[in-house]
Amino acid sequence: MVEKFMLLSNGVKIPSIGFGTYKSGDDEETAKIIKNALNLGYKMIDTASFYNNEVGIGNGIKESDIFIVTKLWNDDHGYDNTIEAFNKSLNNLQVDYIDLYLIHWPNKLNAETWRAFEHLYETGKVKAIGVCNFKVEHLEELKKTAKIMPMVNQVEIHPFSTKNNIINYCKDNNIKVVA
C-alpha cells in the first residue's frame, strides 16, 4: 500500500502520488485537465516553466487545496535569473507560494542557483526545495557550498532504469527520491 504522504527533512508533507502535466495543452485545456485531476482526488500537481502551462494550471487550481511543484528551466540558472524565473512562475500559477521548487537539470551554475533557492526557502516563498535528475557527483558538488541540502531529488525510475546508486545516496543523506 502506498503511503499518502512522505515527510521531507524539513517536516513538509508531500503527497506520494502527483499529477504530471508535461504536454497538457493550451491554457484552457490545461485548466480543465487540472480541475478533473483535482476532482479525482489528486493533491499534488507537478509542472515546470519549460512546459509553458503554468497559467493554465493556475486557472485550474484556483480555490483548491493542492500541493504545487514547479521547476527552474536550464536557461534560468544563476542567482538573479532564478529569482526572476521563480517570480514569473508564482505569477503564472497565480499563487502566493510554491510548495516544492526544483532545479530541473544540473548546470555549471548549480551553486549560485542553489543559493537563490535557499533564499526563496528562507523567506517563506517556497515550502521545500530540491533538484531533478541530479547524480551523486552533482549532489556532492552542491554539498560543498549548500547551507541547506536538497529535500527532494526527482528522477526517472522504471524497470529499465533503476538508479540504485542515487536512490541509496539520497536515502543515506535524508533526501527523498520522487519519480
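Quick note: residue numbers are just sequence positions, from 1.
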query = Does I103 belong to the same Ile/Leu/Val/Met/Phe/Trp/Tyr cluster as V136, with side-chain heavy atoms less than 4.5 Å apart forming each link?
reply = yes

query = Could you walk me through whether V152 and L100 pass the side-chain contact (heavy atoms from CB on, under 4.5 Å) check?
reply = CA-CA 9 Å; V152 167; L100 176 59; 4.0 Å; yes

key: Identified side-chain contact (heavy atoms from CB on, under 4.5 Å) counterpart of F19 within the set N36, I45, L38   = I45

query = Any side-chain heavy-atom pair from N107 and T113 closer than 4.5 angstrom?
reply = no

key: Side-chain touch R115/T145, heavy atoms, less than 4.5 angstrom   = no

query = Counting only heavy atoms not in E122, do more than 12 fall under 6.0 Å of its CD?
reply = yes

query = Would you say the side-chain atoms of N39 pair up with the backbone N or O of K35, donor to acceptor, closer than 3.5 Å?
reply = yes

key: Atom CG of D172: over 12 foreign heavy atoms under 6.0 Å   = yes

request  = Would you indicate whether the side-chain heavy atoms of D76 and F86 approach each other to under 4.5 Å?
outcome  = no

message = Evaluate L102 against Q154 for side-chain contact (heavy atoms from CB on, under 4.5 Å), listing each step before the verdict.
response = CA-CA 8 Å; L102 304 171; Q154 186 182 73; 4.1 Å; yes

task = Determine the minimum heavy-atom distance between L72 and S49, stating which atoms define it.
result = C-OG, 4.4 Å

key: Euclidean distance, E137 CD relative to Y169 OH, rounded to 0.5 Å   = 10.0 Å

ask   = Under 3.5 Å, is there a donor-acceptor pair linking the side chains of K62 and S64?
value = no

inquiry  = Any non-hydrogen side-chain atom of N173 less than 4.5 Å from a side-chain atom of K143?
reply    = yes

request  = Check whether any side-chain heavy atom of M6 sits under 4.5 Å from a side-chain heavy atom of V178, and report yes or no.
outcome  = yes

Pair E156, H158: side-chain N/O donor-acceptor within cut-off below 3.5 Å = yes

key: Ring-face cation of K13 near F5 (centre distance under 6.0 Å, axis angle within 45°)   = yes

ask   = NZ of K135: more than 12 outside heavy atoms within 6.0 angstrom?
value = no

message = Angle between ring planes, F50 versus W73, binned at 30° and 60°: parallel, tilted or perpendicular?
response = parallel

ask   = Just by distance, do the side chain of N153 and the backbone of C170 share a donor-acceptor pair under 3.5 Å?
value = no

task = Measure the spacing between CD1 of I57 and CD1 of I34 and express it to the nearest 0.5 Å.
result = 4.5 Å

note = Of all heavy-atom pairs linking L139 and P150, the shortest is CD2-CG, 4.0 Å

request  = Would you kindly confirm whether V131 and Y79 end up in one hydrophobic cluster when ILVMFWY residues are joined by side chain heavy atoms under 4.5 Å apart?
outcome  = yes

Pair E54-T70, side-chain donor/acceptor within less than 3.5 Å = yes

inquiry  = Ignoring hydrogens and geometry beyond distance, is a side-chain donor-acceptor pair present between Y22 and N53 at under 3.5 Å?
reply    = no

message = Ignoring hydrogens, what is the shortest heavy-atom contact between P106 and C132? Give both atom names and the distance.
response = CD-O, 3.9 Å

ask   = Taking the side chain from K43 and the backbone from G18, do they hold a donor-acceptor pair closer than 3.5 Å?
value = no

query = How close do A128 and L8 get, heavy atom to heavy atom, and via which atoms?
reply = CB-CD1, 3.6 Å

query = So do I14 and M44 actually touch side chain to side chain, heavy atoms under 4.5 Å?
reply = yes

ask   = Under the 3.5 angstrom rule, does the side chain of T162 hit a backbone N or O of P159 as a donor-acceptor pair?
value = no

inquiry  = Evaluate V95 against I61 for side-chain contact (heavy atoms from CB on, under 4.5 Å), listing each step before the verdict.
reply    = CA-CA 9 Å; V95 294; I61 64 169; 3.7 Å; yes

Distance (rounded to the nearest 0.5 Å) between H77 NE2 and W105 CH2 = 11.0 Å

query = Is there a chain of hydrophobic side chains (I, L, V, M, F, W, Y, each step under 4.5 Å between heavy atoms) that links Y101 to Y121?
reply = yes

query = Quick one: do the N59 and E28 side chains pair a donor with an acceptor below 3.5 Å?
reply = no

message = Quick check against the 3.5 Å criterion: does D46 have a side-chain atom that pairs as donor or acceptor with the backbone of G20?
response = no

inquiry  = Can you see whether N10 engages K127 through a side-chain donor-acceptor pair at a distance of less than 3.5 angstrom?
reply    = no

note = When every non-hydrogen atom of Y51 is compared with those of K71, the smallest separation belongs to OH-NZ, 3.8 Å

inquiry  = Please tell me whether L109 and I148 are part of a single hydrophobic cluster in this structure, the criterion being side-chain heavy atoms less than 4.5 Å apart.
reply    = no

inquiry  = For the backbone of I157 and the side chain of S161, can you confirm whether one donor and one acceptor N or O come within less than 3.5 Å of each other?
reply    = no

query = Roughly how far, to the nearest 0.5 Å, is CG of L120 from CH2 of W114?
reply = 10.5 Å

request  = Looking only at non-hydrogen atoms, find the nearest pair between D99 and Y97 and report the distance.
outcome  = OD1-CE1, 3.3 Å

ask   = Does the side chain of M151 reach to within under 4.5 Å of the side chain of I175, using non-hydrogen atoms?
value = no

message = Any side-chain to backbone donor/acceptor pair from E118 onto K147? Under 3.5 Å, distance only.
response = yes

ask   = Under a 4.5 Å cut-off applied to non-hydrogen side-chain atoms, are V126 and F117 in contact?
value = no

task = Give the intermediate values and the outcome of side-chain contact (heavy atoms from CB on, under 4.5 Å) for residues F134 and N110.
result = CA-CA 10 Å; F134 273 46; N110 286 339; 3.8 Å; yes

request  = Could you grab the distance from atom CG of L93 to atom CD1 of I66, nearest 0.5 Å is fine?
outcome  = 11.5 Å

request  = State the OG-CD1 distance between S24 and I33, to the nearest 0.5 angstrom.
outcome  = 5.5 Å

key: Main-chain N/O of N164 paired with N168 side-chain donor or acceptor, under 3.5 Å   = yes

